[in-house]
Every structure is written in structure tokens, then in C-alpha cells.
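This report concerns only the one structure given below.
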Amino acid sequence: MRISLTIIIYDKKGVETLKERAILVGCQTADQPDPSFETSMEELESLAYTVDANVEEIFVQKRDKVHSALYIGTGKVDEIKQYIDDYAIDMAIMNQELTPSQARNLEEKWEIKVLDRTQLILDIFAMRARTKEGKLQVELAQLQYLLPRLHGQGAALSRLGGGIGTRGPGETKLETDQRHIRRRITEVKQSLDQVAKQRQQYRKRRKKNAAFQMAIVGYTNAGKSTIFNRLSDTGSLEEDKLFATLDPLTRQITLPSGFELLISDTVGFIQDLPTTLIAAFRSTLEEVVEADFILHVVDGSNEESVEQEQTVFKILNDLGAGDIPMLTVYNKADLLNDTLIPYSKPSVMMSAFKPSDYERLKQEIERALISEWTYYDVRLSSDEGKMLNELKRETIVTDEQFIEETEQFKLKGYASPDAPIYTTLTKR
């Protein structure tokens with residue numbers, strides 16, 4: 001059993017506050033393998049850490065299927081109730097999404113706040129959202145989660161007050177009627193549609209300007225934002241917590257050959273991410289769908305790295321991005337004790353905190369692109385300076401010579417068949 005501690009923290013104004021004391025509860029059903037269940041419970045603990053909960057104890061139960069009314073069996077419910085009373089627990093966090101009746105029944109029996117996995121992720125999203133789009137997406141997901149759970153929530157909230165699980169718009173709308181919630185959902189969807197149209201126009205301009213787009217994807221906390229920052233010399237949030245990045249960021253980088261491309265950081269994926277969240281954040285993930293190339297970052301030091309890779313592949317396929325060319329980056333090589341056998345190819349192994357690894361990463365990106373692109377060999381006259389510059393910026397030039405006898409530039413390289421510059425090359 002875990003040692004019970006009272007942890008004092010301070011908010012931005014220096015006011016003393018207490019971390020909420022939490023227990024984690026998971027139910028392993030007959031169709032869920034042990035490794036998958038253990039990983040999901042470890043993720044739940046990381047999620048709880050991300051919202052600054054103090055996890056006192058973890059309860060698990062094996063059943064053929066979840067209890068229809070209580071999620072776990074009545075005996076386990078009574079056992080947990082005794083622990084809650086003995087150790088003054090503030091909330092219970094469940095490893096799966098509860099039905100409205102399951103949540104109400106557990107709150108009545110335990111007399112504490114009961115959160116499920118979806119609600120906890122929503123709370124983290126509410127913490128992380130910074131842009132207008134991100135905040136709208138959080139509100140939509142919270143309202144859609146809230147709508148079927150309105151009945152009986154007023155009394156529960158008045159007993160529990162604020163804290164974890166009540167961030168964002170959900171906190172102020174729990175006691176409003178369903179009609180108001182549905183109207184607000186319609187308004188938020190309309191606002192998101194408008195924002196999505198603006199982003200679509202921005203993407204069209206990028207395409208028109210021949211901007212090549214690379215998206216960084218991967219399991220949450222794999223090191224995507226650190227790599228994004230080092231590649232682009234920017235200031236995306238880096239934290240050893242889940243979902244540190246919520247709003248997509250796009251920056252321009254230049255590869256060793258001189259090829260220029262746009263790189264986007266995205267929200268991390270996670271096992272069993274609720275479908276309602278994927279739908280609500282689809283416009284954020286469109287940066288992935290619209291990408292020309294994907295940089296898939298994997299925590300190579302994680303024992304479940306293969307399972308995490310498979311989770312990312314599944315979500316990419318669900319998004320319709322499964323066929324986009326990809327380079328897999330096995331990060332955290334400095335934490336590896338044994339030799340890692342790559343699950344995916346092409347791949348590169350590196351440490352996000354080792355500066356010398358970034359030049360190698362850029363070279364591997366170029367190699368991966370070359371393997372997908374078309375070779376060209378072209379000669380340009382000395383007065384075709386504009387074309388020369390475009391080739392250097394929009395293709396990967398592997399060899400450049402100036403022939404004095406003819407006053408021509410001879411260039412060899414590789415170009416994307418989808419790029420406007422490739423059409424120009426084929427017409428020469």
C-alpha cells in the first residue's frame with residue numbers, strides 16, 4: 001500500500017493549496033490482455049499526475065465484464081469505500097468512460113467526486129488550450145460529454161465544489177438545462193466551422209505557394225515538442241506530462257540541401273482515446289491529414305513502444321492518413337540499456353537532448369524524402385536565376401555544377417511529383 005502524504009503546493013499568487021488525494025480504479029475484463037491493461041493503468045496514473053492529483057492507492061479487479069451499474073463488483077465497491085473513509089480520499093478516477101448511471105451510483109456510495117478517463121483527459125485539454133480554436137474544441141467536447149450526464153449532477157457538484165474535473169466551460173454549465181446545452185453545442189460547432197474554414201484557406205495558400213508540410217506525430221510524452229523546438233528554434237511547451245501540446249504550431253525549417261519545408265507539432269495520441277475527443281479535435285489533427293510527410297516520434301526507452309507505435313498507426317488510419325510517407329524517430333536513445341530493434345522502417349535513433357543528433361535527423365529526413373521522390377537532371381542557363389533558386393528551395397539538390405563552356409548550371413536532385421516545380425521540370 002502507498003504511504004499517505006499531504007502535499008502542500010502554491011499557486012501563482014503564493015497562496016497555499018492542497019493537492020487532491022485520489023485513488024485510481026481499473027476493471028480488467030476477460031478480453032483485455034494483461035500488458036494492455038497494465039499500460040492503460042500506468043497511463044491513468046500519468047494523467048492524474050498531469051493534473052497534480054496525489055495518487056494514494058490503485059485498485060484493480062478482474063471480471064468477465066464490467067458491472068452494469070457500478071463498473072466494478074459490489075464487494076470491491078465496499079472495500080474501496082472503507083479505504084476512502086480511512087484515508088480521507090477526495091476523488092476516485094476510473095480507468096474507463098463510465099455511463100451516467102455508473103457515475104451517479106458510485107458517487108452516492110462513496111460520497112466523493114468520481115471522474116472517468118474521458119473526463120480527466122478533458123480536464124487536461126482545458127488546462128492546455130491556448131488558442132481560440134483549442135478552447136472551442138475543449139468546450140465542444142465537454143458539452144457533448146456533459147449532455148447525457150446532466151441528470152443529478154447539480155447536487156453532486158454543489159457537494160464537491162471545484163478542483164480537478166471542473167475546469168473550463170463544464171464548471172459553469174452543469175446546472176443549466178439540456179436545451180441550453182444543445183444550443184451552445186450548435187453555436188460552438190458554427191464557430192469551429194468558421195475557424196476551420198480560415199485554417200483551410202491558410203492551408204490552400206501554403207499549397208499554392210508550394211509549401212511542403214511535415215507533421216510531427218506520436219504517442220503523448222514521446223518528445224515531439226522537444227524535437228519540434230530544436231528543429232525549428234521555437235518555444236513550444238516542453239513538459240514531462242501528458243498532452244503538453246494541444247494547439248498545433250507550424251514553423252519553417254531548412255534541410256542541409258537547402259530544401260525548405262513547414263513543420264507542425266500536434267497533440268499526442270494515447271491508447272483508447274475516446275472517439276468523441278477525436279471527433280472534437282479533428283480540425284487540429286487535420287494538420288496531419290494535410291501533411292506531405294510524417295515524422296513519427298517514438299519513446300524508444302518505453303517497454304510498450306511497439307504497442308504505442310501500433311496505437312499511432314491505428315489512429316492515423318482512422319484519420320485517413322495511413323498512406324502518408326513517414327520516418328520513425330526512436331527518441332530517448334540515452335535511456336536505452338539494450339540495443340533497440342526498430343519496429344518500423346525507415347527509422348533513426350536519437351536523443352532529443354543531444355544537439356549533434358539533429359543534423360543526422362535532418363539528413364535522414366532527406367534520405368526518406370529522396371526514396372519517395374523522382375530523380376531529375378537539368379541544365380539551366382545563367383539567366384535562369386529564379387528557377388535555380390526555386391530548385392534549391394523546393395527540391396533536394398544532390399549535385400550542382402557550373403559549366404563555363406556553355407555558361408550553364410547543371411543540377412541533379414529529387415523533386416516531389418506533387419510539387420508545382422516538378423511540373424515545370426517535366427516541361428523542359
Side-chain angles (χ1 to χ4, degrees), residues 1-2 21-51 53-81 83-84 89 91-99 101-103 105-106 109-110 112-124 145 164-165 218-222 240-243 268-278 298-318 332 343:
M1 186 179 70
R2 293 167 180 253
R21 301 155 69 91
I23 57 171
L24 308 184
V25 182
C27 181
Q28 182 181 4
T29 53
D31 59 349
Q32 189 174 21
D34 288 346
S36 174
F37 177 72
E38 290 166 5
T39 298
S40 70
M41 289 302 298
E42 289 171 3
E43 285 179 357
L44 189 68
E45 188 168 13
S46 295
L47 290 166
Y49 161 70
T50 299
V51 295
N54 184 30
V55 177
E56 301 284 345
E57 185 60 277
I58 299 175
F59 294 90
V60 297
Q61 184 180 45
K62 289 189 176 183
R63 292 176 58 89
D64 289 335
K65 59 181 181 179
V66 298
H67 194 288
S68 59
L70 295 168
Y71 175 66
I72 52 176
T74 54
K76 181 63 75 171
V77 169
D78 292 340
E79 175 191 337
I80 293 174
K81 170 61 176 171
Y83 184 90
I84 289 169
I89 299 301
M91 65 176 173
I93 303 174
M94 320 302 287
N95 193 36
Q96 289 174 243
E97 184 170 318
L98 300 178
T99 65
S101 60
Q102 285 172 338
N105 293 338
L106 288 175
K109 288 186 174 293
W110 290 342
I112 60 170
K113 177 164 49 179
V114 175
L115 273 66
D116 62 24
R117 189 185 185 92
T118 301
Q119 201 170 356
L120 190 60
I121 293 173
L122 282 171
D123 199 57
I124 295 171
Y145 174 87
I164 298 170
Y219 214 74
T220 188
N221 210 32
D240 187 22
K241 290 187 176 183
L242 301 188
F243 300 116
F269 299 161
I270 192 169
Q271 180 181 346
D272 300 324
L273 186 66
T275 53
T276 52
L277 293 185
I278 293 178
V298 178
D299 178 355
S301 68
N302 193 300
E303 293 179 356
E304 305 294 331
S305 61
V306 173
E307 288 75 11
Q308 292 180 355
E309 281 188 69
Q310 292 171 340
T311 296
V312 173
F313 292 147
K314 181 180 183 304
I315 296 177
L316 287 175
N317 285 326
D318 291 344
K332 307 187 183 181
Y343 176 75

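When a residue number appears, it is its place in the shown sequence, counting from 1. Predicted model only: the values in this text are computed from it and were never measured.
- Using a 4.5 Å heavy-atom threshold, the side chains of Y83 and W110 count as separate.
- Using a 4.5 Å cut-off on side-chain heavy atoms (C-beta onward), L24 and M41 make contact.
- For the pair I58/I23, no side-chain contact is recorded, criterion being any heavy-atom separation below 4.5 Å from C-beta on.
- Applying the side-chain hydrogen bond (donor to acceptor under 3.5 Å, both in side chains) test to K314 and every residue at least two apart in sequence or in another chain returns D318.
- Counting only residues at least two apart or in different chains, side-chain hydrogen bond (donor to acceptor under 3.5 Å, both in side chains) contacts with residues 68-80 comprise Y71-Q96, K76-E79.
- Taking D34 as the reference, Q28 meet the side-chain hydrogen bond (donor to acceptor under 3.5 Å, both in side chains) condition, with sequence neighbours excluded.
- I72 places none of its side-chain heavy atoms less than 4.5 Å from the side chain of V66.
- Taking CG of L115 as the reference point, atom CD1 of I93 lies at 6.0 Å (rounded to 0.5 Å).
- Within the model, atoms SG of C27 and CZ of F59 stand 14.5 Å from one another, a figure rounded to the nearest 0.5 Å.
- Residues meeting the side-chain hydrogen bond (donor to acceptor under 3.5 Å, both in side chains) test with N95, sequence neighbours left out: S40, R117.
- To the nearest 0.5 Å, atoms CG (L44) and OG1 (T39) are separated by 12.5 Å.
- Here the straight-line distance linking atom CD of E97 with atom CG of D116 works out to 5.5 Å at 0.5 Å rounding.
- Using a 4.5 Å heavy-atom threshold, the side chains of I124 and L47 count as touching.
- Judged as a salt bridge (Lys or Arg N to Asp or Glu O under 4.0 Å), and not counting sequence neighbours, D64 has no contacts.
- Under the salt bridge (charged side-chain N to carboxylate O under 4.0 Å, His left out) criterion, no residue pair touches residues 301-313, with sequence neighbours excluded.
- By the side-chain contact (heavy atoms from CB on, under 4.5 Å) test, E42 pairs with no residue at all, sequence neighbours left out.
- Of all non-hydrogen atoms in M91 and I89, the two that sit nearest each other are O-CG2, 3.3 Å.
- Partners of N105 under the side-chain hydrogen bond (donor to acceptor under 3.5 Å, both in side chains) rule, at least two apart in sequence or in another chain, do not exist in this structure.
- When all heavy atoms of A222 and K332 are compared, the pair lying nearest together is O-CE, 3.7 Å.
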* To do: Determine, stepwise, if the pair Y145 / T118 fulfils side-chain contact (heavy atoms from CB on, under 4.5 Å).
  => CA-CA 8 Å; Y145 174 87; T118 301; 3.8 Å; yes
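- By the salt bridge (Lys or Arg N to Asp or Glu O under 4.0 Å) test, K109 is found to be paired with no residue, residues two or more places apart in sequence or in another chain being considered.
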